[in-house]
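These figures come from a predicted structure and were not determined experimentally.
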Amino acid sequence: MTANRYTTSFSDSQGLTLLFAHGVGAHKEHWEPMIRYLFIHQKLEQPHSCIREAWCFDWLNHGDAAVINRATLERRPPGDVPATEWATAIASFVRSLYIMDHRLVGIGHSAGNSAIMLSTREFPLRKQPFIALFLIEPSMLTRELWEFHLLEAEAGVRKRTTAALRRRHVFDNLEEAANYFRERKPWNGLDPDVFNVFIQHGLHSVVIQSGSEKETKVALKCDRRHEAFAYQDIQSHFEATDQYTRICNAVPVHIVFGSKHDYIPSYFQDCMTDVSQGRYPASVTRVPGTGHMIVQQAPEALAGAISLGLNSITRDSARHLLHRL
């Protein structure tokens, strides 16, 4: 797993350390525009709700991690890095000296929510290292609801899998890649800063054998097969939903939805807020004018929504959960 650490000149040692996990097909740098806004939002808050630092992780077959792990990934079936495995890597980082004694907040988007949530299984329920969790447009669901909506749910997975496998992934240069993605959904709807981050950090140089010659081109860091088959990792989302039901009474879980059901059907959202099944979110915020790709489409608005939840964390919140593992 690869990670980036972000701080500012006004970071506060009494503040919060935020851990971010991206969704399928993204990479850790997708969070950067939103994090800039979030640091500014929290700058004027009380020291305990300011941000100490932020860490963003790559899924083990996405982004820079995909490049570093290339040889290992080639020996495994495409997509054979479920969110449960990423969760174990995140939990290992949580135990590390890098963030010892920090006040931790876990934040995920889409499938990254399942990785963050499943990482909490590595710790006793009443001795969690996180003082709060944020689920941004979670793709989590119970097995029962999945099976009830089976035809629709499976059709959605097939659509996303097919789209990823058919996508062009090698280009002559970054300019050609940018022009290709700029004309296609969902990239043509991305915030300009996020789009630039995607082009800058989502592709890398590769050497292609063309007859007797070798040519240098650029390609997506995440192999399209790994992205495609990651959509089929449904079991991890079932397990994450079960864990959310267990943990929400021990750790505040804030949920942020987009107002558009453009990717995740409404019953996913209903599942996350179903108090009759013991799922009690600490807060639910809906950001108008955006949908599932809220991280990429509306980073400033998302920062505002997350800020509301961060400001609800008091100095004494979950004092027993201070990270002393």
(Q) Using the ring pair (Phe, Tyr, Trp, His ring centres under 6.0 Å) criterion, which residues pair with Phe57? Sequence neighbours excluded. (A) Phe93

Q. From Met293 CE over to Asp262 CG, what is the distance, rounded to the nearest 0.5 angstrom?
A. 9.0 Å

Q. What about Val287 and Leu190, same hydrophobic cluster or not, with Ile/Leu/Val/Met/Phe/Trp/Tyr joined at side-chain heavy-atom distances under 4.5 Å?
A. no

Q. Less than 4.5 Å apart, any side-chain heavy atom of Ile136 and any of Ile306?
A. yes

Q | Of all pairs that satisfy ring pair (Phe, Tyr, Trp, His ring centres under 6.0 Å), the ones with a partner from residues 268-306, not counting sequence neighbours | A | His109-His292, Tyr263-His292

(Q) To the nearest 0.5 Å, what is the distance between CD on Glu227 and NZ on Lys221? (A) 15.0 Å

Q. How long is the gap from OG1 on Thr120 to CG on Leu125, to the nearest 0.5 Å?
A. 8.0 Å

Q.
A quick test of your reading: do over 12 heavy atoms of other residues, nucleotides or ligands sit less than 6.0 Å from CD of Glu175?
A. no

Q) Going by heavy atoms in the side chains, are Trp55 and Phe20 under 4.5 Å from each other? A) no

Q | Lys/Arg N to Asp/Glu carboxylate O, Asp193 vs Arg36, below 4.0 Å | A | yes

Q) With side chains defined as the heavy atoms from C-beta onward, is the minimum distance between Leu73 and Val81 less than 4.5 Å? A) yes

Q: Would you please say whether a donor-acceptor pair under 3.5 Å links the side chains of Gln42 and Ser307?
A: yes

Q: Mark yes when over 12 heavy atoms from residues, nucleotides or ligands other than Leu151 sit less than 6.0 Å from its CG; otherwise mark no.
A: no

**Q.** Least distance between heavy atoms, Ala54 atom then Ile35 atom
**A.** CB-CD1, 4.3 Å

Q.
Measuring only between side-chain heavy atoms, which start at C-beta, is Ile99 closer than 4.5 Å to Glu53?
A. yes

Q) Under a single-linkage definition using a 4.5 Å side-chain heavy-atom cutoff for Ile, Leu, Val, Met, Phe, Trp and Tyr, are Leu104 and Tyr244 assigned to the same hydrophobic cluster? A) yes

Q | Under 3.5 Å: donor-acceptor pair, side chain of Asp58, backbone of Leu60 | A | no

**Q.** Verdict with supporting geometry, Met140 and Leu135, side-chain contact (heavy atoms from CB on, under 4.5 Å)
**A.** CA-CA 10 Å; Met140 295 157 50; Leu135 307 181; 4.3 Å; yes

Q | Any donor-acceptor pair under 3.5 Å from Ser110 side chain to Gly23 backbone | A | no

Q.
Ignoring hydrogens and geometry beyond distance, is a side-chain donor-acceptor pair present between Glu183 and Asn188 at under 3.5 Å?
A. no

(Q) When you compare the side chains of Asp233 and Tyr231, does any donor N or O come within less than 3.5 Å of an acceptor on the partner? (A) no

Q | Any Leu16 side-chain heavy atom under 4.5 Å of Arg52 side chain | A | no

Q: State, without any angle test, whether Glu239 and Gln235 hold a side-chain donor-acceptor pair at a distance under 3.5 Å.
A: yes

Q. Counting distance only, does the side-chain N/O of His22 pair as donor-acceptor with the main-chain N or O of His30 below 3.5 Å?
A. no

Q.
What's the separation between atom CD1 in Ile40 and atom CD in Glu300, rounded to the nearest 0.5 Å?
A. 8.5 Å

Q) Taking it one step at a time, do Ile234 and Phe238 satisfy side-chain contact (heavy atoms from CB on, under 4.5 Å)? A) CA-CA 7 Å; Ile234 307 303; Phe238 298 156; 3.2 Å; yes

Q) Salt bridge between Asp223 and Arg225, side-chain N to carboxylate O under 4.0 Å? A) yes

Q: List the steps, then state whether side-chain contact (heavy atoms from CB on, under 4.5 Å) holds for Ile51 with Tyr6.
A: CA-CA 10 Å; Ile51 301 172; Tyr6 302 89; over 6 Å; no

Q | Side-chain touch Arg168/Val170, heavy atoms, less than 4.5 angstrom | A | no

Q. Do Glu137 and Ile264 touch side chain to side chain, with heavy atoms closer than 4.5 Å?
A. yes

Q | Donor-acceptor pair, side chain of Gln269 and main chain of Pro265, under 3.5 angstrom | A | no

**Q.** Backbone of Thr72 reached by a side-chain donor or acceptor of Asn69 within 3.5 Å
**A.** no

Q. With distance as the sole criterion, is a donor-acceptor pair present between the side chains of Gln14 and Arg103 under 3.5 Å?
A. no

For residues 251-259, which side-chain N or O atoms pair as donor and acceptor with protein atoms under 3.5 Å away, sequence neighbours left out?
unit_1	atom_1	unit_2	atom_2	d
His254	ND1	Ser283	OG	2.6
Ser259	OG	Gly289	N	2.9

(Q) Looking at Pro192, is its backbone amide N or carbonyl O close enough to the side chain of Asn196 to form a donor-acceptor pair, meaning the two atoms are under 3.5 Å apart? (A) yes

Q) Should Leu133 and Val105 count as side-chain neighbours, where that means a heavy-atom distance under 4.5 Å? A) no

Q: Supply the atom-to-atom distance Asn311 CG to Ile313 CD1, rounded to the nearest 0.5 angstrom.
A: 8.5 Å

Q: Let me see the working for Glu29 and Asn4 under side chain to side chain donor-acceptor pair (under 3.5 Å), right down to the final yes or no.
A: CA-CA 8 Å; Glu29 290 84 5; Asn4 285 347; 3.2 Å; yes

Q: Please indicate whether Phe10 has more than 12 foreign heavy atoms, meaning atoms of other residues, nucleotides or ligands, lying under 6.0 Å from its CZ.
A: yes

Q: Start with the C-alpha distance between Ser114 and His237, add both sets of side-chain angles, then the distance that settles side chain to side chain donor-acceptor pair (under 3.5 Å), and finish with yes or no.
A: CA-CA 6 Å; Ser114 295; His237 301 322; 2.7 Å; yes

Q. Quick check: does any side chain N or O of Ser96 sit under 3.5 Å from a backbone N or O of Ser92, one acting as donor and the other as acceptor?
A. no

Q.
A quick test of your reading: do over 12 heavy atoms of other residues, nucleotides or ligands sit less than 6.0 Å from CD of Glu213?
A. no

(Q) Taking Glu85 first and then Arg76, would you say they form a salt bridge - that is, a charged N and a carboxylate O separated by under 4.0 Å? (A) yes

**Q.** Tyr180 OH to Trp187 CH2 distance, which is reported to the nearest 0.5 Å
**A.** 6.5 Å

Q.
For the backbone of Cys271 and the side chain of Arg279, can you confirm whether one donor and one acceptor N or O come within less than 3.5 Å of each other?
A. yes

Q.
If I compare all heavy atoms of Ser236 with all of Pro82, which pair ends up nearest, and what's the gap?
A. OG-CB, 3.9 Å

**Q.** NZ/NE/NH1/NH2 to OD/OE distance under 4.0 Å, Lys28 and Asp64
**A.** yes

Q: Step by step, work out the side-chain contact (heavy atoms from CB on, under 4.5 Å) result for Leu19 and Thr17.
A: CA-CA 7 Å; Leu19 307 184; Thr17 292; 4.1 Å; yes

(Q) Donor-acceptor check, side chain of Thr161 to backbone of Val157, threshold 3.5 angstrom: yes or no? (A) yes

